[in-house]
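Contents: one structure, followed by commentary.
In what follows, chains are A, B, ... by sequence order, proteins preceding strands, each numbered from 1. The structure displayed is predicted, hence computed values, not measured ones.
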Protein chains: 2
Amino acid sequence: MRYSIGQVAKKTGLTAHTLRYYEKEGLLPFVQKTGSGLRVFSDTDIGWLEMIECLKGVGMSLKGIKQYIDWFREGDETLPQRLEMFLQQRAHLEKQMEQLNKHMAKINYKIHLYTEAVRLGSLEKAHQNKELQAEQQRVYGDMF
Amino acid sequence: MRYSIGQVAKKTGLTAHTLRYYEKEGLLPFVQKTGSGLRVFSDTDIGWLEMIECLKGVGMSLKGIKQYIDWFREGDETLPQRLEMFLQQRAHLEKQMEQLNKHMAKINYKIHLYTEAVRLGSLEKAHQNKELQAEQQRVYGDMF
DNA sequence: GTAATCTTTAGAGTTAACTCTAAGTCAATA
DNA sequence: TATTGACTTAGAGTTAACTCTAAAGATTAC
């Protein structure tokens, strides 16, 4: 299948502006153009956009993503670099997920605390609840 | 305990510049000053910084964090808003973690693929591995 | 065929979150 | 007392990642 920039924008949720910007930054080197200059996206290009979304989602910068795409274009001699990059991203992602789990515990504590506070009409009083105090101890050491 | 801005910077990993910036943006309304204008951070302030780090970590903007701090300062009449905010953050965080799990599956596939590609000296050949093809089917529908 | 819509370009503007500078003040040490 | 290093301020500068503009050309629907 072939897609115009507008169709790709709808499909991916990115704007046409953003897609042109990505191309300008070297992230979409495989997109074709018609004789009159219009971009024509293939399913392969959509696949690249999904990969870009994944790498952005795990915290890579556009510059880092471009590096990967450049390595890809250089062919099999850059296989080790690409493997190394993915290994690093996995390590980074693992730390990120660990952090998010800790954050989730804090947020859950807050939800319990504020649910009780709303019920009692007072944050002060909710803080006196023994179970909440115990949860706070497990999760943090703070008081906000 | 009392801390200078430099000590807090070391403790938190933020720079003194960033701490002043947070204060200017209204994120640290409880920090005291000496007669001569030096900031004096308390353990309570460190606690607020930890909360700020958590909220930033789950994707809140400084503006959103300031809103929470402002509500906190307004007292018990804003308890429902604060509860609502934390409920929204939890929902957001859940989606985020789900996304990260999907990203992790893709990254793991890439690691398997590139490990094999490095062994064989060819990405093309690695793609012919049936197990990798099956993993790819499970994880995506793409080829990058 | 014409009106409406889509796409093109180069380049300027925006936003969030820092990050730094300059000129001066303060505190601790030799 | 002099030096060293941390701290103060207002405000300018930076960076990443968009986001938009304007004017013109291309495509689609009727």
Within 6.0 angstrom of A:Glu124 CD, more than 12 heavy atoms from elsewhere
no

Test: salt bridge (charged side-chain N to carboxylate O under 4.0 Å, His left out). Region: residues 76-99 of chain B. Which pairs qualify, not counting sequence neighbours?
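For residues 76-99 of chain B: none.
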
Electrostatic pair B:Arg119:B:Glu116 at N-O distance under 4.0 angstrom:
yes

Selected nucleotide, minimal atom distance to [X] side chain, candidates [options]:
X: B:Lys24; options: C:dT9, C:dA17, D:dG11; value: D:dG11
X: A:Arg20; options: D:dC18, D:dT8, C:dT9; value: C:dT9
X: A:Ile5; options: D:dT9, C:dT7, C:dT9; value: C:dT7
X: A:Lys56; options: C:dA17, D:dC18, C:dT9; value: D:dC18
X: A:Leu62; options: C:dT7, C:dT8, D:dA17; value: D:dA17
X: A:His17; options: C:dT9, D:dT21, C:dT19; value: D:dT21

Using a 4.0 Å heavy-atom cut-off, does A:Ser4 contact any base of the nucleic acid, only the sugar-phosphate backbone, or nothing at all?
sugar-phosphate

Measure [atom1]/[X] against [atom2]/[N] and give the value in whole Å, please.
X: B:Tyr21; N: C:dT15; atom1: OH; atom2: P; result: 13 Å
X: A:Tyr3; N: C:dT7; atom1: OH; atom2: C1'; result: 19 Å
X: A:Glu23; N: C:dT7; atom1: CD; atom2: P; result: 14 Å
X: A:Glu25; N: D:dA17; atom1: CD; atom2: P; result: 9 Å
X: B:Glu53; N: C:dC18; atom1: CD; atom2: P; result: 11 Å
X: B:Gln7; N: D:dC7; atom1: CD; atom2: C1'; result: 12 Å
X: B:Lys33; N: C:dA27; atom1: NZ; atom2: C1'; result: 17 Å
X: A:Leu28; N: D:dA17; atom1: CG; atom2: C1'; result: 15 Å

It should be established whether B:Tyr22 places a side-chain nitrogen or oxygen under 4.0 Å from OP1 or OP2 of nucleotide C:dC18.
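Checking B:Tyr22 against C:dC18: at least one side-chain N or O falls below 4.0 Å of OP1 or OP2.
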
Is the distance from OP1 or OP2 of C:dT8 to the nearest side-chain N or O of A:Arg39 less than 4.0 Å?
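The answer is yes; a side-chain N or O of A:Arg39 sits under 4.0 Å from OP1 or OP2.
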
Residue among A:Thr34, A:Ile5, A:Val8 satisfying side-chain contact (heavy atoms from CB on, under 4.5 Å) with A:Val40
A:Thr34

Hey, is the main chain of B:Gln81 close enough, under 3.5 Å, to the side chain of B:Thr78 for a donor-acceptor pair?
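Not at all, since once roles are kept as given, no pair shorter than 3.5 Å links the two residues.
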
Expected output: side-chain A:Asn101 to main-chain A:Met97 donor-acceptor under 3.5 Å
yes

Interface polar pairs with nucleotides 25-28 of chain D, N/O, under 3.5 angstrom:
unit_1: D:dA26; atom_1: O3'; unit_2: A:Ser36; atom_2: OG; d: 3.1
unit_1: D:dT27; atom_1: OP1; unit_2: A:Ser36; atom_2: OG; d: 3.3

For the residue pair B:Tyr68 and B:Trp48, does the interplanar ring angle fall in the parallel (under 30°), tilted (30 to 60°) or perpendicular (over 60°) class?
tilted

